[in-house]
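Structure first, then comments.
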Amino acid sequence: MATQTDIRLVDRDDHGVDRAFRADVLEGLGAPQKAIPARWFYDDEGSRLFEDITQLPEYYPTRAETQILRDRAAEFAGLIGPGRAVVEFGSGSSVKTPLLLDAIDPGAYVPIDIAGDFLRESSAALGEKFPGLPVHPVEADFTTMVKLPDELQTMSKLGFFPGSTIGNMVPRSAVDLLRTMRMTLGGDALLVIGMDLIKDVNVLTAAYDDAAGVTAAFNRNLLKRINRELDGDIPIAAFAHRARWNDTYARIEMHLEARAEIAFTVAGRSFTMRVGETIHTENSHKFDLRSANTLLLAGHWTPVERWTDAEERFSLILARASVRRKAP
Ligand code: AVJ
């Protein structure tokens, strides 16, 4: 039963331009260190390229996380129980979601994603795999509170935020997002969240600068999207893909580095870049036990259980919505 309530919440102008995208790009290109939020990678092409990244030999997070879900299904089921509406923040993976749904006997599935076509495709595929499970895709930006379909109001929720996507946010934004998720999901919610772990720098940098150049294509696709959707003329071939470890903030940074002096326009505005100047396109924060727990607690989630893969490359954490209390 595919009860696919399709709610559109992306704000577009008369020409179909995503207003938030244009605002983020113009503000980001105007800043002294040019920077564009990583969530704009995921148009349909970007979502497909990311699926390709997950198959790369260097990119371990997806395999490690999938392994945990497979190996620990019984433990998940025991701690979560049946009948919850699984709310996935960012839909996509063809493998992880069915593993979770198989493990826990859910009451409904609600994928939330800004890439609408990709969302509808993957929801349809999932509906076929789980006949009888109500599926309610919601096209939305989950960094703001999302009103869930009315049919789900009485069901307890289980948030699912795999992939270490939380690592894309600086701590302040991550805390905001975790608190927003708690509001979207309600006071009796649980959350299963993936967090990638700090490890050997060479392993980390290889995962974001693969030999086949798929991550480079993923990074450059952001420029293609800007040119297409925001009437830009950025010379894409003039940019090199860079991935570097920032030890102070425990994160991999991706940049697009200008290899020549260039000038271009986007949405009617002019920009210039010097040789070696970069556009910072992504942070991917890595965690350990304590930094992960501190982040969750600051975001109003109380850690309940934590699992890692055999090589301790990746963690999956179960947390419950925190209850406000005064006493220690
Ligand atoms: C989807 C955010 C988990 O940070 O590892 C992969 C995105 N960027 N390769 C990550 C990504 C470059 C990915 N997340």
Does Glu75 CD have over 12 foreign heavy atoms under 6.0 Å away? yes
Out of Ile166, Ile193, Thr302, which residue meets the side-chain contact (heavy atoms from CB on, under 4.5 Å) rule with Leu296? Ile193
Arg269: what forms a side-chain hydrogen bond (donor to acceptor under 3.5 Å, both in side chains) with it, not counting sequence neighbours? none
What do you reckon, is CD of Glu128 surrounded by more than 12 foreign heavy atoms closer than 6.0 Å? no
Any carboxylate oxygen within less than 4.0 angstrom of a Lys/Arg side-chain nitrogen, looking at Arg22 and Asp13? yes
Heavy atoms of Ala292 and Met195 approach each other most closely as CB-SD, 3.5 Å
Connected via hydrophobic side-chain network under 4.5 Å: Phe130 and Tyr109: yes
Hydrophobic cluster of Ile198, others only, ordered by chain and residue number, side-chain cut-off 4.5 Å: none
Do Phe161 and Leu197 share a hydrophobic cluster (ILVMFWY, side-chain heavy atoms under 4.5 Å, transitive)? no
Please set out all donor-acceptor pairs under 3.5 angstrom arising from side-chain atoms of residues 168-176, sequence neighbours excluded.
| from | atom 1 | to | atom 2 | distance (Å) |
| --- | --- | --- | --- | --- |
| Asn168 | ND2 | Glu282 | OE2 | 3.3 |
| Asn168 | ND2 | Asn283 | O | 2.9 |

Residues that Asn227 engages under side-chain hydrogen bond (donor to acceptor under 3.5 Å, both in side chains), provided they are two or more places apart: none
State, to 0.1 Å, how close Trp307 and Phe76 come at their nearest heavy-atom pair, and which atoms those are. CZ3-CE2, 3.5 Å
Please test Asp43 against Lys224 for salt bridge (Lys or Arg N to Asp or Glu O under 4.0 Å), starting from the C-alpha separation and ending with a verdict. CA-CA 10 Å; Asp43 62 355; Lys224 279 197 208 169; over 6 Å; no
Look at Glu88 together with Lys96 and state whether they make a salt bridge at an N to O cut-off of under 4.0 Å. no
Could you pull out all donor-acceptor pairs under 3.5 Å where a side-chain atom in residues 252-262 meets a protein atom, sequence neighbours excluded?
| from | atom 1 | to | atom 2 | distance (Å) |
| --- | --- | --- | --- | --- |
| Glu253 | OE1 | His255 | NE2 | 3.0 |
| Glu253 | OE2 | Asn246 | ND2 | 2.9 |
| Glu253 | OE2 | Arg251 | NE | 3.1 |
| Glu253 | OE2 | Arg251 | NH2 | 3.1 |
| His255 | ND1 | Thr278 | OG1 | 2.9 |
| His255 | NE2 | Arg244 | NH1 | 3.4 |
| Glu257 | OE1 | Arg242 | NE | 2.9 |
| Glu257 | OE2 | Arg259 | NH1 | 2.6 |

Kindly write out the residues that satisfy side-chain hydrogen bond (donor to acceptor under 3.5 Å, both in side chains) with Lys199, not counting sequence neighbours, or none if the list is empty. Tyr60, Asp196
ILVMFWY cluster, Leu191 and Leu152 together (side-chain gap under 4.5 Å): yes
Quick check: closest heavy atoms across Phe314 and Gly194, and the distance to 0.1 Å? CE2-CA, 3.8 Å
For Lys286 and Trp245, run side-chain contact (heavy atoms from CB on, under 4.5 Å): C-alpha distance rounded to whole Å, both residues' side-chain angles, the deciding distance at 0.1 Å, then the answer. CA-CA 10 Å; Lys286 308 303 170 186; Trp245 173 247; 3.8 Å; yes
